[in-house]
Structures are given as structure tokens and as C-alpha cells.
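See structure below.
Computation of the quantities below employed the complete heavy-atom set of this structure, encompassing side-chain atoms and omitting hydrogens, waters and symmetry-equivalent molecules.
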Amino acid sequence: HQARWHGRLAARLIWLAASSLAATLRWRWRDETNLFENGGKEPVIFCLWHNRLALSLILFQRYVQARQPQRKLAALVSASRDGGMLARVLELFDVEPVRGSSSRRGSQALRELVSAGERGRDLAITPDGPRGPCYVVQEGIVSLAQLTGMAIVPASFQLSWKWRLRSWDRFQVPLPFARCEVQLGQPVRVPREASDAERERLR
């Protein structure tokens, strides 16, 4: 599904609201990767919980691209009608949307993500999306890391002030002037020859 005119309008409003809100937040960064401050050019797979999507693209802009402007991102988005609007939001942030999920267009989306990684783009996935359970990593990101050889970088943040929606993931909506503490965890690598048991341990 592609976004219709009202979906494109909603995407523009979301982009404007997210950009304006981000300007009011008080940011603190903790990076355990040693990948971005030292000028490394290796593309990675960013792994972020579904309920923290609201600031995901802002994080990439403000931290990764601020240090390495040449880096580009491709992100997995649902192939559903709602996903069409979200894909347009990604495009407004100059992020390449890849449409698919475990229930629709999954294998094609995996191939497209692999192709984007081969072109040097960083990748982004919500490992517990699109339907959960919340905070449970599914197998897709492990398969992607094994196929591409790219490291998984766990990313998250804590907000001092937020709304929580009554969705399956308790989606977090930042409120203006909140303190946002961002953490990038140590990279996780999945060997190409990993056994099923090793893949499960890494998941």
C-alpha cells in the first residue's frame, strides 16, 4: 500500500511535530560501540524496541549523521496501509523505506535489506515488531545479521517525561522539554556459520 493524499499530509505533520519536539529535548548520549566517534565506516544494523520509534530517526540524525554525514539509513516498515504513511515519514527524514514484515512480503523485504546493506547503508529494525510480544526479539534480525555480516547495535533511550499509549507495546510519546538519555550498546555479531543453537543464544 502507498500513502494517499491524507496519508502524505499526516506524514508531513508527523515529520514537523517530531522535528520541533526534538529541538526542545535535553539530550545525553552514551555510546559503547566505539564505531561512530572514531570515524569507522562499517555499516551496522540498529535494533530499537517498537515502543521507542518516535525518536528513532531523530537519534540517527543527531548522533550518527552529526559525526559522519555521509551515512545513510534504510529501515523496515510494514507493507500495510498504515505502513504507507510511515514510509513517507521515513522519506521526509531522507531514510530509505523497505516494506515488509513477518506476515507480509517478509522474504522480499529481507533481500532488499541485504541489498541496502551491500550498498553501504545502515539498517534499522524493531526486533519485537510489528505485533510483539513487547521486548521479545524475533528471529528476523538474527537472520539479517548472519546474511550480511553486519553488526547489530542495540539502541534505546529513557525519557524523563512522556505519555504511554494503550497499545500492545505501550508506545512512548515524548513530551516537550523532557530529558532524553540515549544509549548505544555493544555490537552483537552473528557468525555466518552459526548453528541453530548459537543463533538462539544470540537472539
The criterion is side-chain hydrogen bond (donor to acceptor under 3.5 Å, both in side chains); which residues satisfy it with [X], sequence neighbours excluded?
X: R67; result: E37
X: E118; result: none
X: S115; result: none
X: E96; result: R119, R121

Is [X] reaching over with its side chain to a backbone N or O of [Y], donor-acceptor style, under 3.5 angstrom?
X: D128; Y: V136; result: no
X: Q68; Y: F36; result: yes
X: T24; Y: L21; result: yes

Exercise for review: Return each pair, listed once, that meets salt bridge (charged side-chain N to carboxylate O under 4.0 Å, His left out) where at least one residue sits in residues 147-174; pairs must be two or more places apart or across chains.
Suggested key: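 The answer is none; no pair qualifies.
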[Y] and [X], any side-chain heavy atoms less than 4.5 Å apart:
X: L25; Y: L55; answer: yes
X: P187; Y: V44; answer: no
X: V77; Y: V98; answer: no
X: Q70; Y: K41; answer: yes
X: L57; Y: Q61; answer: no
X: W27; Y: R62; answer: yes
X: L144; Y: V114; answer: yes
X: P43; Y: M150; answer: yes

Review point. Checking salt bridge (Lys or Arg N to Asp or Glu O under 4.0 Å) for the pair R189/E42: CA distance, chi angles, key distance, verdict?
Key: CA-CA 13 Å; R189 297 185 182 273; E42 169 192 3; 2.9 Å; yes
Exercise for review: Might you confirm whether atom CZ of R26 has over 12 heavy atoms from other residues, nucleotides or ligands at distances under 6.0 Å?
Suggested key: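 Count over threshold, so yes.
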Review point. Do E198 and R192 sit within salt-bridge range, that is, some charged N less than 4.0 Å from a carboxylate O?
Key: no
Point to revise | Ion pair K72/D94, N-O distance below 4.0 Å | key: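 Yes, charged N to carboxylate O under 4.0 Å.
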How would you list, by chain and number, every residue that makes a ring pair (Phe, Tyr, Trp, His ring centres under 6.0 Å) with [X], sequence neighbours excluded?
X: F60; answer: F46
X: F171; answer: none
X: W163; answer: none
X: F177; answer: none

Review point. So which pairs with a foot in residues 108-145 pass ring-ring contact (aromatic ring centres under 6.0 Å, His included), sequence neighbours left out?
Key: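 Every ring-ring contact (aromatic ring centres under 6.0 Å, His included) pair that includes a residue of residues 108-145, provided the two are not neighbours, is W49-Y135.
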Point to revise | Pairs touching residues 149-161 that satisfy side-chain hydrogen bond (donor to acceptor under 3.5 Å, both in side chains), sequence neighbours left out | key: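 Listed by first then second residue: R52-S156.
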Review point. Taking only residues two or more places apart in sequence or in another chain, which ones pass salt bridge (Lys or Arg N to Asp or Glu O under 4.0 Å) with E139?
Key: none
Exercise for review: Go through I141 and I45 one step at a time and tell me if the side-chain contact (heavy atoms from CB on, under 4.5 Å) criterion holds.
Suggested key: CA-CA 8 Å; I141 191 168; I45 303 169; 4.1 Å; yes
Practice item. Decide side-chain contact (heavy atoms from CB on, under 4.5 Å) for F157 and L159; before the verdict, give the C-alpha distance in whole Å, the side-chain angles of both, and the deciding distance to 0.1 Å. Key: CA-CA 7 Å; F157 58 82; L159 290 163; 3.6 Å; yes
